[in-house]
Each structure stands twice: as structure tokens, then as C-alpha cells.
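Note sheet for the following structure.
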Amino acid sequence: MPTFQAPRGTADRLPAEQKYWRYIESHATGVARRFGYGRIDSPMFEDAGLFVRGVGEGTDIVEKEMYVFEDRGGDQLTLRAEGTAPVCRAYLEHGMHNQAQPVRMYYLCPVFRYERPQAGRFRQHHQFGVEAIGDGDPSVDAEVIELAWTFIHGIGLSDITLLTNSIGDAQCRPEYIAALKSYYEGQTSNLCPDCRQRLGRNPLRLLDCKVETCRALGEEAPKSVECLCAECQIHWDRVRSYLDAAGIPNRVDHRLVRGLDYYTRTVFEIQPAVEGAQSTICGGGRYDGLIEQLGGRPTPGIGFGSGIERLALNLRRAETSVPDEPSPRYLIATIGEDARVEGVRLASRMRNAGVGAILANGGRALRGQMRQANALAVAATLIIGEDEVRDGTVVVRDMQTSSQETVPVDQFLQQAAG
RNA sequence: GCGAGCAUAGCCAAGUGGCCUAAGGCGCCUGUCUGUGGCACAGGAGAUCACGGGUUCGAAUCCCGUUGCUCGCCCCA
């Protein structure tokens, strides 16, 4: 017999860990609602071209991480590789520019990338993300960042750092990159081999290299916020002052650059205090060129994505207390076949009345059924034997106090439902 | 895509070439207790020792390959 296991980089989410997910999701939807964001669910797969165009041809995601397949009709499709491009596609497809701007949306969905799995990284992971499309005002930047901050604080992760930066726009970024390049070109002998490669392809990436000598060079390198054009400068100053007004502490990190091509101006990340390679739990930024890139009129937008697996990992690490999933309070134990029938009847009536009930494994002696009640940690066990069947009663045993009383079935139902 | 470590029952694990037809613990099931849990005691089920090949009289144990997992790099959430 062949055996199967979950595909590499994927994981079963077992009942025992569901509480973390329910907890995170309910906080996410709650925060989104308070900020006025409406939920959007887009398809799990899209036209492959959407991501190629949206995320950028040279990015790792497009170059080597997308799940691309051809369907039976010959269309090239891609499992959702990222959250923002599909939302922008929907914005265009449904003419959302006719709604009040910005259009505020959030999503909670799986994302697929073909990567080497490791701590906090999977081939299928899940993101909570928001997008505010159609208004380039810096107050929207601050709003989105505040939403992220509020969300992560709300789930109980308080030892976190918000990093911000501005990487300019189509006007000023080329100049900045040129400045950066010429700075590093004078230092090539001090660069690590990786960085020498990056210099040609993606100079921004030199900034976040971890090699000691490169780090030192990065400290001295030209900073993007020093090369902003006038508009970007004003935008950046306002974002910062709005963040101050909202009381959101943040640290400007000149080395913060993001790997997706579409980012402009404001970029940000939230990091937990615990060191780890895959530590970023939230990342986002402004993408004012993306909608146009996808065939729409120039439309500003900003958003973030937050990895739920990483959030859950951090909740566990921080030993944050997370409420248990509600489970039935009652287990029904029966003795004999006649009682069994009554047990089935009672369970059914209870559930119809909105009361949770589990029928014990009837093949076992009462003793075994009681053990089961204990293992399932129910609040009370309902026992039905010959006497109870005859009298139309049920024994209600409180598992905590070990006290029990015999009550008429109807009376019990009324009490339990009320 | 690159580098490193690991792989024994559902989980944790002993075992480092021959009393291994594989210890122990958790969990599960049964009994002690004919209709009453948590404790204790007794018993039971559950393992092609990841897979394939090799070395050897003999392999869970040594070697090679494959697969998987974990960790790091790259990148990202």
C-alpha cells in the first residue's frame, strides 16, 4: 500500500491548533471592520500574466516561485502567489473607481510559493492583508500602517518593532539607485560575492545584506530619504507626522527595501523581538504604479500582508493565552440498548435546542464511558440506565464536584437550553 | 537554486554490528470496580527500525543512493 503525506511545505491544521487561527482571524476581521475595510475573496488561481506584470518579471516570486500550470483549455494559470495583484485586478474588473475613494478591502487567504520550507516559511501559507486603492493621500499610508499595528497589538504581540522607509517614486528612485550604484562601485573589493552580483541586478538589495563588511558599508551608503523628489519628500514628512499623531512608534530603517517591484514611496515592516531568519510578520507599502501596470488609469494604492503562520508561531513563543474553542458541555452515557435509544433521542433534542452533546461510545461499560467524559473534559455527564428509561429521567453528574441528581428529561432540557 | 543536520509505534524516546522475534514513558483499549471518571495496580493493541542497494557469518546499528523532515543562505508573510 502506498502511503501519502501532505505535500512538501504544506501542513494539516489539526483541531488542536485551530484556536490560534480562529483567534487571529476574528481579530483581523474585527480590526478591518473598525477601520472600514470590506472583505474581498478572490480566486485561488489567476491568469499567470497578472503576477508577472504586477509583481515584476525580475522578482524571485515570478522567476522561480510561482506555481504555474496549464488547464485543460490551454490557459496559463498561477496559484495565488501574492495578495495585492488579485485585489487590484478586481478593482479594475469591477470598476471600483466609481465608488468612494479609496476603496478599502481586506482579505484572508492562502498564498502559494514554491520555496524551500524552513522555520516560518511554507509553500502554502496564509495571509491577512488589506488594500486601500484610489487615494494617494499620506493619511491613507498612516491609516494602513496603524491598522497593521493595531491588529498585531490586538492579538497580544506587544514586543514588536515597526520599521518604515520611503523609497521614492518613478521620478526620484532612478537617481537614488544611480547614487547607490556609484557609491558601491567604488567599494567592490569590500563586497561579498553575492553583493557583487546584486550590484548589477538589484542595487537596493545591497542594503540589507547580512555580511558584516557589507553591513558596515550599508551604514555609510546614500539613504533613499535623502534623495526624494519634492513630492515624495512632502508625502514622507506627512506620513511621519500622521503616524506621530496616531501615536504609532516607528523607526526609520534606511536599509528597508522590499522585494516586489511595485512598491513606491512608503514601505514598512513589523518585526517581532525574537531573532530569526523568517521573522517579518507584516510587510507592505505603497504601490502607486501597479494599477496602471495592470492596464488601468494611474491609481494610487497601499496595503500590507501579514503571515498567519508566523503570527501563530509568535503567539506560541510568547505563550500568549488564546481562548479555547467552545466544545460541548455534555456527554451522554448509556447502559443497555433501550437506554441507548433514549440517549440518541436526548442528544438529538439537545442539539436541536442549541445545546452541545456528545454520545459516548456505547460499546463500553459505564466506567469506560465515564473515562471518556473525563478525557473530553465535559462539564457534566448525563447517565441513562434502565431506571431512567422507565421513569423518563436522566442522571446529571457534575464532573467537577462529582455531585449528581436525577431529573426528568424534559426539565433537564429546559434548564440546559435556557 | 546553494549549504548543514536528522530519520526507531499516534507522540517522546533507549539502542553505537550478534542474548533486538526492538527497552521505557505519554496517549489509546480492557480488567481490578455486574450502573459511575480523575489516582493506583494488572494486562492488551500498536514498529515492514523512512525507502532501495551494498559490506558482513550476522545490520536499527557501517557504506552508498533516494525520499522526507529540520535549520541556515537567497528571498519573502
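Below, read A as the first sequence line, B as the second, and so on, with proteins coming before strands; counting in each chain starts at 1.
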Practice task
Report the distance from atom CG of A/Asn361 to atom C1' of B/C28, rounded to the nearest whole Å.
Solution key: 12 Å
Exercise for the section: Classify the side chain of A/Arg367 versus the base of B/U32 as yes if they form a donor-acceptor pair under 3.5 Å and no if they do not. Expected result: yes
Exercise for the section: Find which nucleotide of RNA chain B each of A/Gly284 and A/Gly363 is nearest to by heavy atoms, and output the residue with the more 5' nucleotide. Expected result: A/Gly363
Exercise for the section: For A/Arg113, answer base if it contacts any base atom (sugar-phosphate contacts may also be present), sugar-phosphate if it contacts only those atoms, and nothing otherwise; contact means non-hydrogen atoms under 4.0 Å. Expected result: base
Practice task
Run the ring-centre check on A/Tyr330 versus A/Phe412 and record whether the distance is less than 6.0 Å.
Solution key: yes
Exercise for the section: Tell me what A/Phe128 touches on the nucleic acid: a base, only sugar-phosphate, or nothing, going by heavy atoms under 4.0 Å. Expected result: nothing
Handout entry: Criterion side-chain contact (heavy atoms from CB on, under 4.5 Å) on A/Val322 and A/Trp21, from CA distance to verdict
Key = CA-CA 10 Å; A/Val322 168; A/Trp21 288 71; over 6 Å; no
Practice task
Look at the side-chain N and O atoms of A/Gln118 and state whether any lies under 4.0 Å from the OP1 or OP2 oxygen of B/G72.
Solution key: yes
Handout entry: Base-pairing mate for B/G10 - Watson-Crick or G-U, with both contacts under 3.5 Å
Key = B/C26
Exercise for the section: Provide, to the nearest angstrom, the distance between the CE atom belonging to A/Met370 and the C1' atom belonging to B/G38. Expected result: 10 Å
Handout entry: Polar contact flag, side-chain donor to acceptor under 3.5 angstrom, A/Thr280-A/Glu269
Key = yes
Problem - Pair A/Arg340 + A/Asp338: basic N to acidic O under 4.0 Å - result: no
Practice task
For A/Ile335, report the nucleic acid contact type (base, sugar-phosphate, nothing); a contact means any heavy atom under 4.0 Å.
Solution key: base
Problem - Below 4.0 Å: OP1/OP2 of B/C75 and any side-chain N or O of A/Arg121 - result: no
Problem - B/G35 base / A/Glu388 side chain donor-acceptor hit below 3.5 Å - result: yes
Exercise for the section: Indicate, yes or no, whether a donor-acceptor pair under 3.5 Å links the base of B/U36 to the side chain of A/Gln404. Expected result: yes
Handout entry: A/Gln101 (side chain) donor-acceptor with A/Met96 (main chain) under 3.5 angstrom
Key = yes
Practice task
Could you tell me whether the side chain of A/Ser402 has a donor or acceptor atom within less than 3.5 Å of a complementary atom in the base of B/G38?
Solution key: yes
Practice task
Please confirm whether any donor atom in the side chain of A/Arg371 sits under 3.5 Å from an acceptor in the base of B/G38, or the reverse.
Solution key: no
Problem - Polar pair under 3.5 Å, donor/acceptor by atom type, side chain A/Arg116, base B/G3 - result: yes
Exercise for the section: Please work out if A/Glu115 contacts a base, only the sugar-phosphate, or nothing of the nucleic acid, heavy-atom cut-off 4.0 Å. Expected result: base
Practice task
Give A/Glu82 one of three labels, base, sugar-phosphate or nothing, depending on what nucleic acid heavy atoms sit under 4.0 Å from its own.
Solution key: nothing
